[in-house]
Every structure is written in structure tokens, then in C-alpha cells.
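Proteins get letters first, then strands, A, B, ... in listed order; numbering begins at 1 in each. Just so we're clear, the structure is a prediction, and the values are computed from it rather than from any experiment.
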There are 2 protein chains.
Amino acid sequence: MKQHVDASDDRCPVEASINLIGGKWKILILYHLISDKSKRFNELQKTLSTITPRTLTRQLRELEEDRLIRRIIHPEVPPKVEYMLTDTGRSLVPILMELQNWGTNYLQNSDLDQA
Amino acid sequence: MKQHVDASDDRCPVEASINLIGGKWKILILYHLISDKSKRFNELQKTLSTITPRTLTRQLRELEEDRLIRRIIHPEVPPKVEYMLTDTGRSLVPILMELQNWGTNYLQNSDLDQA
DNA sequence: CCGCATCCAATAGGATACTG
DNA sequence: CAGTATCCTATTGGATGCGG
């Protein structure tokens, strides 16, 4: 396990950041945890419709390992597990927003090029 | 060719942005093109010491395809090729800086955890 | 000098079936 | 409900050697 690059492996802070959120689904997961208090495994899976449980599990575990999200297990039957942003994860939100602005602009310019 | 994900394939602007700079060496290349006016292929290769020419070429081509850098060929013998940021690439710099700040902080906290 | 061609290794991610 | 187990494919990046 722990095959994904540990952010602290490289001392370049920018690369470290990118490694944390570079996974295919990670920013989407982060995004869906912004608005609501917490989400359950099945909720996330429904929202990300095409993700497989194995992949979702792994992305969540990596985000947890990197302390961007917290996983809360309720010892019940049937099982209930909640995911929410940590303070560290929440501190990333403003940057996500800026990336969104930049990306929106970028995509618009791409469309203009093709017109 | 064109195996890497086109940023305009997905309509999520944040993912689009991440796709542009998510490559293993891309932010490093971008970073080295900030300060100086332009850099030649060999200069970049020396700076990134462990990168292979093939990999460097591909990263550069993808960045060029995404219009973050410009490639200028001087028809000379021996060949001379320069790389520099485009305006689009330069517009990304502030976000890179914020990622750097965030990442620096993140890495410091990681160190504290281990102490 | 600036690559490209060929081959290869590692990893990320997916399909499907099954379980505490 | 919230995952695991097993197998598989796709993509990324590297090693090495050659070419305009």
C-alpha cells in the first residue's frame, strides 16, 4: 500500500500540493464535501455516478492519509461512514476556487479558438 | 498521439486546470520559465538533471499544445530552440505562488506531526 | 543541439463479483 | 451500507540508441 506519492517525498511545495489533489476524482470529491456538512460513501458514489467502489475507496483513503478529509465510522448495523473536510482540507478551498476561475476563463478561450 | 487528457474534454474547470499542470515535471518547467526570459532545451534538461530527453520533449509538447508555453525554433546550425511562457501560462503564475504558500505550510505541519 | 524511435516498467484506474 | 478481492487495461514516464 501507500503506492501513491507522499507529498512530503518531494520538497517542492507546489509539487506537493499538486500530488495531493492530482488524482482523477480528488478535487471532485473535495468539491462535493465543501457545501454539505458531511457525506456518506453511497452519497458520494451516487454523485460521481461513474466511479467504481474500489476507486472511490482508494481516493478517499489517500485524501484521508493526506489529512484533507476525515473519516468517521459509526458502529451501527447497517454500517454508516461519513466523510468531511478537515481544517487542512478546508484551507485548500480558496485555491480550488481560483483554479475554477482560471479554468473557466481558459476553457472559454479554448472555445473561442475553435470558433 | 494526444494521449494526455485534453483539458477541454471535461467541462469541470478545476479538473481542466489540474490536467494542464498535473504532469510530473510540468510545474517545475513552468517554474523555471518564470524568472528568465526564455530557456533552451539543454538548459532545461540540465536544470531538471534527472529528466530524460524523451520525457522533457513530451512534457514541453503538451504544455505547448495547451498554450501555456511557446516554442521558438531558430533555423540555425546547430539548432537552437527556445521556450517561454505564453500570456496564458503567465496568468497561471499567481496560482502557482499560492499553491507554493499552501504547500509550504502543509509540509511544515507534516514535519510537526512527525516531531 | 534538439530531438525521435523503439522498447519497457511502474502506476493509476476500471470491471466484476463477493462479504462483514 | 460500505466496502474487498481479483483481474485487467490504459496511461505515464524511463532507458537506450539513432538522426537531421
Atom pairs, N/O to N/O, protein against nucleotides 13-18 of chain C, distance under 3.5 Å?
{"unit_1": "dG13(C)", "atom_1": "OP1", "unit_2": "Lys24(A)", "atom_2": "N", "d": "2.8"}
{"unit_1": "dG13(C)", "atom_1": "OP2", "unit_2": "Gln59(A)", "atom_2": "NE2", "d": "2.9"}
{"unit_1": "dG13(C)", "atom_1": "N7", "unit_2": "Arg54(A)", "atom_2": "NH2", "d": "3.2"}
{"unit_1": "dG13(C)", "atom_1": "O6", "unit_2": "Arg54(A)", "atom_2": "NH2", "d": "3.3"}
{"unit_1": "dG14(C)", "atom_1": "OP1", "unit_2": "Lys24(A)", "atom_2": "NZ", "d": "2.9"}
{"unit_1": "dG14(C)", "atom_1": "OP2", "unit_2": "Trp25(A)", "atom_2": "NE1", "d": "3.1"}
{"unit_1": "dG14(C)", "atom_1": "OP2", "unit_2": "Thr55(A)", "atom_2": "OG1", "d": "3.2"}
{"unit_1": "dG14(C)", "atom_1": "N7", "unit_2": "Arg54(A)", "atom_2": "NE", "d": "3.3"}
{"unit_1": "dG14(C)", "atom_1": "O6", "unit_2": "Arg54(A)", "atom_2": "NE", "d": "2.8"}
{"unit_1": "dG14(C)", "atom_1": "O6", "unit_2": "Arg54(A)", "atom_2": "NH2", "d": "3.2"}

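- Separating the CG atom of Leu48(B) from the P atom of dG13(D) is a distance of 13 Å, rounded to the nearest angstrom.
- Following rounding to the nearest Å, His74(A) (NE2) and dC1(D) (C1') show an atom-to-atom distance of 13 Å.
- Straight-line distance from the CD1 atom of Ile73(A) to the C1' atom of dG20(C): 13 Å, rounded to whole Å.
- The main-chain N or O of Leu99(A) is found under 3.5 Å from a side-chain atom of Ser17(B) such that the two form a donor-acceptor pair.
- Atoms CZ and OG, from Arg67(B) and Ser110(A) in turn, are 4.5 Å apart once rounded to the nearest 0.5 Å.
- Rounded to an integer number of Å, the gap from Leu63(B) CG to dT12(D) P is 13 Å.
- Judged by distance alone, the side chain of Thr86(A) and the main-chain N or O of Leu68(A) form a donor-acceptor pair under 3.5 Å.
- Taking side-chain N and O atoms only, Arg40(B) has a distance below 4.0 Å to OP1 or OP2 of dC2(C).
- Atoms CD (Gln45(B)) and P (dG13(D)) sit 16 Å apart, rounded to a whole Å.
- Tyr106(B) places a side-chain N or O within donor-acceptor distance of the main-chain N or O of Asp66(A), the cut-off being under 3.5 Å.
- In this structure, the CZ atom of Phe41(B) is 18 Å from the P atom of dG19(D), given to the nearest Å.
- Distance check: Leu60(A) CG to Thr55(A) OG1 gives 10.5 Å after rounding to the nearest 0.5 Å.
- We find that CD of Glu64(B) is positioned 14 Å from C1' of dC2(C), with the value rounded to whole Å.
- Of the listed nucleotides (dC2(C), dG3(D), dC1(D)), dC1(D) has the atom at the smallest distance from the side chain of Pro79(A).
- Atom OH of Tyr83(B) and atom CZ of Arg70(B) lie 13.5 Å apart (nearest 0.5 Å).
- When distances run from any side-chain atom of Tyr83(A) to the nucleotides dC2(C), dG3(D), dG3(C), the shortest one goes to dG3(D).
- In this structure, Asn42(B) atom CG and dG3(C) atom P are separated by 9 Å, rounded to whole Å.
- The one candidate from Ile21(A), Leu85(A), Leu56(A), Thr47(A) that meets the side chain to side chain contact (heavy atoms under 4.5 Å, CB included) condition with Ile29(A) is Leu56(A).
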